Asker: 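Below is one structure. I have some questions about it.
Remember, it's 1-based here, ligands and their atoms both numbered in the order they're listed. What you see is a predicted model; the values in this text were computed from it and never measured. Basis for what follows: all heavy atoms, side chains included, without hydrogens, waters or symmetry-related copies.
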Amino acid sequence: MELNPNANSVKQLWWEATIPSCFRFWRTKYCTLVPGPYGKRFETDESESEKAFQESLNIRPHLLILNKLDLADPSSKQRVLKQLEQSGLENVLFTDCLRQMDVNVKKIVPMVTQLIESSPRYHREEDTHYCLMVIGVPNVGKSSLINALRRTNLKKGRASRVGGEPGITKAVLTKIQVCERPALFLVDTPGVFPPKIESLETGMKLALCGTILDHLVGEDIIADYLLYSLNRLEKFSYVDQYSLPEPSDDIQQVLKGIAVKLGKTQKVKAITGVGDITITMPNYSAAAYHFIRAFRQGELGRVTLD
Ligand SMILES: Nc1nc2c(ncn2[C@@H]2O[C@H](COP(=O)(O)OP(=O)(O)OP(=O)(O)O)[C@@H](O)[C@H]2O)c(=O)[nH]1
C-alpha cells in the first residue's frame, strides 16, 4: 500500500478550533524574575521577557541534558548534536535515567564541576558547595535525573517523586544532595513551557511525548498524530506489533485492529425495528490509550520526532 506521508485524517477544523484554545495560556503576557540590581520583579512584553530570561540563564554556566535516550532513534544523535552546536550550545549530554549505571549520568558531576570552576563567581560565600537548578518541560525526567545522580554518586535511593504524567513536581523543592565530593545539591522544579509554542506541529510533538495532560488534547487526536509520525518516519513496527495486514494512514482502521488484537471491545445496545440487539464494538478509546502508551514505553521502536 502506498502511504501519503502528509496524510493525516485530523480535520483542519480541529487544528483551527481546538489547539489554539488548549495552548492559549502559553500565549498570555507573563512575568519573569530577572536578577537586576535590586533583584526586582517586573513585567515586560513577550519578546523582551524571553530575551531577558535567556540573558539571565546565560549568566550562569549550564548543561543541556537530553534525556530518554533509550527511546530516541540512535541514528539521529549526531544530527541533533550538530544542530545544537550550530545554535551555540556546547555542553550537551544524552542520558537514560532508567538505566542502573548510565555512563553519561556518571559524566555529569565532572562536567558540572569543570563548568563552574571555569566560570566567574557571582557571590562571596566562603562555602564552596555547588547548588544547581534542574529546569525543563514537564515529564522529561528531571526528578528521575536527580534520583539517578543520587544513585550513581551517593548509592542512595529516590529523593524526588517520579510519575508517568506531567505535573508531578508542583513546586520548587528543597535542595537535594547528589554528590559528596564536591558537595553538590540539586533543586527540582515543576516543568515549564515557553510562553509561546512555535507551531501546532511542535505542540503535537510535545503532547505525544506526554508533556501535556492527554485529555487536554484528546487521546484520539494524539493517536492520530502518532500514526502520522510513525508513517512519516517509516517506522512500521506497529504493523507486526498489532498483527495488522499492512501499514495504514487511517487511524480508525488501525485503532480497530489494535482493539481486536488486544480484546478491547465493548458491548453496545442497538435499537432496531425488530427489537433491541447487543453488538460488540471495538473500544477505540482504549485502543488509542494503549497505542500512545506503547509508543512512550518504546514498544513501537526508537523514534526521534524532530
Ligand atoms: N524510557 C525512559 N523513561 C524515563 C527516563 N527518565 C524518566 N523517565 C520516565 O518519564 C516519566 C517522567 O519522569 P519524571 O522524573 O517524573 O519527570 P519530571 O520532568 O520530573 O516531571 P514533572 O515533575 O511532571 O515536570 C516517568 O515515568 C519516568 O519513569 C529515561 O531516561 N528513559
Asker: When you look for heavy atoms under 4.0 Å from ligand 1, do you find them on the side chain of Asp96, its backbone, both, or neither?
Answerer: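 Looking at Asp96 and ligand 1, atoms from backbone and side chain both fall under 4.0 Å.
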
Asker: Strictly by modelled atom types, are Lys267 and Thr278 linked by a side-chain donor-acceptor pair under 3.5 Å?
Answerer: no

Asker: Between Asp188 and ligand 1, which part of the residue brings a heavy atom under 4.0 Å of the ligand: side chain, backbone, both or neither?
Answerer: neither

Asker: Has ligand 1 got any nitrogen or oxygen that is less than 3.5 angstrom from a nitrogen or oxygen of Thr95?
Answerer: no

Asker: So which pairs with a foot in residues 275-295 pass salt bridge (Lys or Arg N to Asp or Glu O under 4.0 Å), sequence neighbours left out?
Answerer: Asp214-Arg293, Glu219-Arg293

Asker: For Asp70, check salt bridge (charged side-chain N to carboxylate O under 4.0 Å, His left out) against everything at least two apart and list the hits.
Answerer: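 In terms of salt bridge (charged side-chain N to carboxylate O under 4.0 Å, His left out), with neighbours along the sequence ignored, Asp70 is linked to no residue.
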
Asker: Based purely on interatomic distance, does Thr189 place a nitrogen or oxygen under 3.5 Å from a nitrogen or oxygen of ligand 1?
Answerer: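 No; the residue has no nitrogen or oxygen that sits under 3.5 Å from a nitrogen or oxygen of the ligand.
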
Asker: With atom 25 (O) of ligand 1 as the reference point, say which of Lys142, Lys68, Arg99, Arg296 has the nearest heavy atom.
Answerer: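 Among Lys142, Lys68, Arg99, Arg296, the closest heavy atom to atom 25 (O) of ligand 1 belongs to Lys142.
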
Asker: Just to be sure I read this right, does ligand 1 sit under 4.0 Å from the backbone of Asn67, its side chain, both, or neither, counting only heavy atoms?
Answerer: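 For Asn67, the contact with ligand 1 is made by the side chain alone.
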
Asker: Run down the list Gly210, Cys97, Pro138, Gly141 and name the one with the heavy atom closest to atom 31 (O) of ligand 1.
Answerer: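 Looking at heavy atoms only, the winner is Cys97.
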
Asker: Examine Lys77 relative to Phe94 and say whether NZ or CZ is less than 6.0 Å from the centre of the six-membered ring and inside a 45° cone about the ring axis.
Answerer: yes

Asker: Can a side-chain donor-acceptor contact be found between Asp73 and Ser75 if the only test is distance below 3.5 angstrom?
Answerer: yes

Asker: Examine the side chains of His290 and Lys261 and answer whether a donor and an acceptor come within less than 3.5 Å of each other.
Answerer: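 No, Lys261 and His290 have no side-chain donor paired with an acceptor closer than 3.5 Å.
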
Asker: Within the 4.0 Å heavy-atom shell around Ser144, which atoms of ligand 1 are there?
Answerer: 6 (N), 7 (C), 13 (O), 14 (P), 15 (O), 28 (C)

Asker: I'd like to check whether Val140 has a polar contact with ligand 1, where a contact means an N/O of the residue lying under 3.5 Å from an N/O of the ligand.
Answerer: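 Yes, at least one N or O pair falls under 3.5 Å.
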
